[in-house]
Novice: 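Dropping a structure here in structure tokens format, bear with me for questions.
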Amino acid sequence: MTAGSRSVAVVGVALSDCGRVDDATAYTLHAQAARRALADAGLGREVVDGFASAGLGVLAPVEVAEYLGLRPTWVDSTSVGGATWEVMAAHAVDAIARGHANVVLLVYGSTARADIRAGRRTGDLSFGGRDPAQFEVPYGHTLIAKYAMAARRHMLEHGTTVEQLAEVAVQARANAVLNPEALHRDPITVDDVLSGPMIADPFTRLHCCLRSDGGAAVLLAAEEYVPDCRTAPVWVLGTGEHVSHASMSEWPDFTTGPAAVSGRLAFARAGLRPEEMDFAELYDAFTYMTLVTLEDLGFCAKGEGGEFVGKGRLLVRGGELPVNTDGGGLSAQHPGMRGLFLLVEAVRQLRGEAGERQVARRGRTGEPPRLGVVSATGGWFCSSGTLVLGRE
């Protein structure tokens, strides 16, 4: 923060019911997560003067705020795909730091799985065929195909193997085994990943995120509210955001994502380096996203992601850099724009509240982590938001 501004902390986090939730609406999940986050912080709804939401309602977040009984004086509806929540959090931090808001609630909820089960929607995700998309849609270039093509480029240029990509899914599942809230907890092997049905070459089913229901909420507050909270604060130390492209033809390098910029900005603003992080929570709609984001954030050199993930480094137990400690979107839950879930898990880790999946501070067994990074990707590597968080 610049001189004269207020420090900002995450003071409350929560998930709604997640996984298979057939008897709730998306609005219900928003409300459930919001109530739980306020209770987690020990604050009343009346102190919330800022609100951010996206993905629900014609006038998002106006309709959701009304449903929650909020009348905010600061509002954000930025929507950039999976990175939405990290970008919104960065905006909220700036607003609180400058006194435009005091307590900001970020909330999301989706019944993506239940809607398909009930026939209210199909499994296809379409961004339409107008504007820039008109030049790609006629060729059948689906969302998954775009990620698959990027992964193939990395394999071609850097020798990354499909087995190394599969290791990302295997280690995410190993972390999910330790998470009682994860949807899938049965261990898997590289062979399990490789032998699954092909979705978009080189991605088989287990290379792709699951589909679930669920919601999440995060409460950010100015430093003067921290003494009134029941939980230990987790401070936002630095943020960064970046928009790269909308059309694949305008993406100059399929092996480098927008986190290369948002991560550099976040670390620089925090005055910290990647090697100081105790863990990382990364968006993982597909295994390649994890691998390339690790490179982009500077945890390994460009082209070395395959070797990096292939040595068990992402594991909660025994990993050099625990990644997606709850199991991630590949195994824990993925109800759509999952970025807010990354923030919830990071805060729980920094508070030492993660139970069996709790990670430790580097080199200090038994002590909760001190620093962590959250980085989400939106669209097809179109956008990124990165936050560096710390408990001190």
Side-chain angles (χ1 to χ4, degrees), residues 1-2 5-16 30-57 59-80 83-109 215-241 266 269 337 339-344 346-348 350-351 374 376 385-390:
M1 299 300 171
T2 58
S5 64
R6 302 188 293 182
S7 294
V8 181
V10 180
V11 296
V13 297
L15 301 182
S16 72
H30 276 77
Q32 195 176 66
R35 285 196 302 268
R36 291 176 181 177
L38 284 165
D40 183 56
L43 295 176
R45 185 178 61 183
E46 67 279 359
V47 304
V48 177
D49 60 354
F51 183 69
S53 184
L56 183 64
L59 296 174
V62 179
E63 294 178 22
V64 180
E66 179 184 75
Y67 186 83
L68 299 179
L70 299 174
R71 298 293 184 269
T73 55
W74 180 91
V75 68
D76 189 3
S77 61
T78 297
S79 184
V80 290
T84 289
W85 308 103
E86 282 64 29
V87 172
M88 280 183 173
H91 296 173
V93 168
D94 289 342
I96 295 171
R98 291 303 183 187
H100 298 160
N102 295 310
V103 180
V104 176
L105 175 66
L106 283 66
V107 64
Y108 174 70
V218 168
L219 200 66
L220 297 125
E223 58 188 30
E224 60 264 34
Y225 285 79
V226 168
D228 296 327
C229 296
R230 60 173 295 274
T231 55
V234 170
W235 301 99
V236 182
L237 306 178
T239 69
E241 55 193 275
R269 291 165 181 169
M337 297 185 292
L340 203 53
F341 292 78
L342 307 182
L343 287 166
V344 172
V347 170
R348 288 176 170 176
L350 288 164
R351 289 181 185 169
V374 174
T386 302
L387 284 82
V388 177
L389 304 175

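If you're wondering where the values come from, they're calculated on a predicted model, not measured in any experiment. The analysis underlying the following values was restricted to heavy atoms, covering all of them including side chains, and did not include hydrogens, waters or symmetry mates.
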Novice: Out of Val11, Val236, Val103, which one pairs with Leu220 under the side-chain contact (heavy atoms from CB on, under 4.5 Å) rule?
Specialist: Val236
Novice: Taking side chain as C-beta onward, heavy atoms only, is Arg36 less than 4.5 Å from Leu15?
Specialist: no
Novice: Could you tell me how the ring of Trp85 sits relative to the ring of Tyr108: parallel (under 30°), tilted (30 to 60°) or perpendicular (over 60°)?
Specialist: tilted
Novice: To the nearest 0.5 Å, what is the distance between CD (Glu46) and CG (Leu70)?
Specialist: 10.5 Å
Novice: If I compare all heavy atoms of Leu389 with all of Leu350, which pair ends up nearest, and what's the gap?
Specialist: CB-CD1, 3.7 Å
Novice: For Ala216 and Leu340, work out which heavy atoms get closest and say how close.
Specialist: O-CD2, 3.1 Å
Novice: Taking all atoms of both residues into account, what is the closest heavy-atom pair of Thr84 and Ala54, and its distance?
Specialist: CG2-CB, 4.0 Å
Novice: Give, for atom OG of Ser16 and atom CD of Gln32, the distance between the pair rounded to the nearest 0.5 Å.
Specialist: 5.0 Å
Novice: Rounded to the nearest 0.5 Å, what's the gap from CD on Glu63 to NE2 on His30? Could you check?
Specialist: 11.0 Å
Novice: Between atom CG of Leu342 and atom CG of Leu387, what is the distance when rounded to the nearest 0.5 Å?
Specialist: 10.5 Å
Novice: Can you check whether Glu241 reaches Val80 side chain to side chain, under 4.5 Å on heavy atoms?
Specialist: no
Novice: How long is the span from the OG1 atom in Thr239 to the CZ atom in Arg269, to the nearest 0.5 Å?
Specialist: 5.5 Å
Novice: Sort out for me which residue in Thr78, Asp76, Thr386 forms a side-chain contact (heavy atoms from CB on, under 4.5 Å) with Val87.
Specialist: Thr78
Novice: Do you know the tightest heavy-atom contact between Ser77 and Pro61?
Specialist: CB-CD, 3.3 Å
Novice: Could you go through Met88 and Val104, starting from their C-alpha distance and side-chain angles, then the distance that decides it, and tell me whether this counts as side-chain contact (heavy atoms from CB on, under 4.5 Å)?
Specialist: CA-CA 10 Å; Met88 280 183 173; Val104 176; over 6 Å; no
Novice: Decide yes or no on side-chain contact (heavy atoms from CB on, under 4.5 Å) for Leu68 and Val48, but give the supporting numbers first.
Specialist: CA-CA 11 Å; Leu68 299 179; Val48 177; over 6 Å; no
Novice: Calculate, to the nearest 0.5 Å, the distance between atoms CG and CD1 belonging to Asp49 and Ile96 respectively.
Specialist: 8.0 Å
Novice: Does Thr231 form a side-chain contact (heavy atoms from CB on, under 4.5 Å) with Val347? I'd like the steps, not just the answer.
Specialist: CA-CA 11 Å; Thr231 55; Val347 170; over 6 Å; no
Novice: Compare all side-chain heavy atoms of Leu59 with those of Glu66 and state whether any distance is below 4.5 angstrom.
Specialist: no
Novice: Which atom pair, heavy atoms only, marks the closest approach of Arg98 to Ser5?
Specialist: NH1-CB, 4.2 Å
Novice: What's the shortest heavy-atom distance between Ala52 and Trp74, and which atoms?
Specialist: CB-CZ3, 4.5 Å
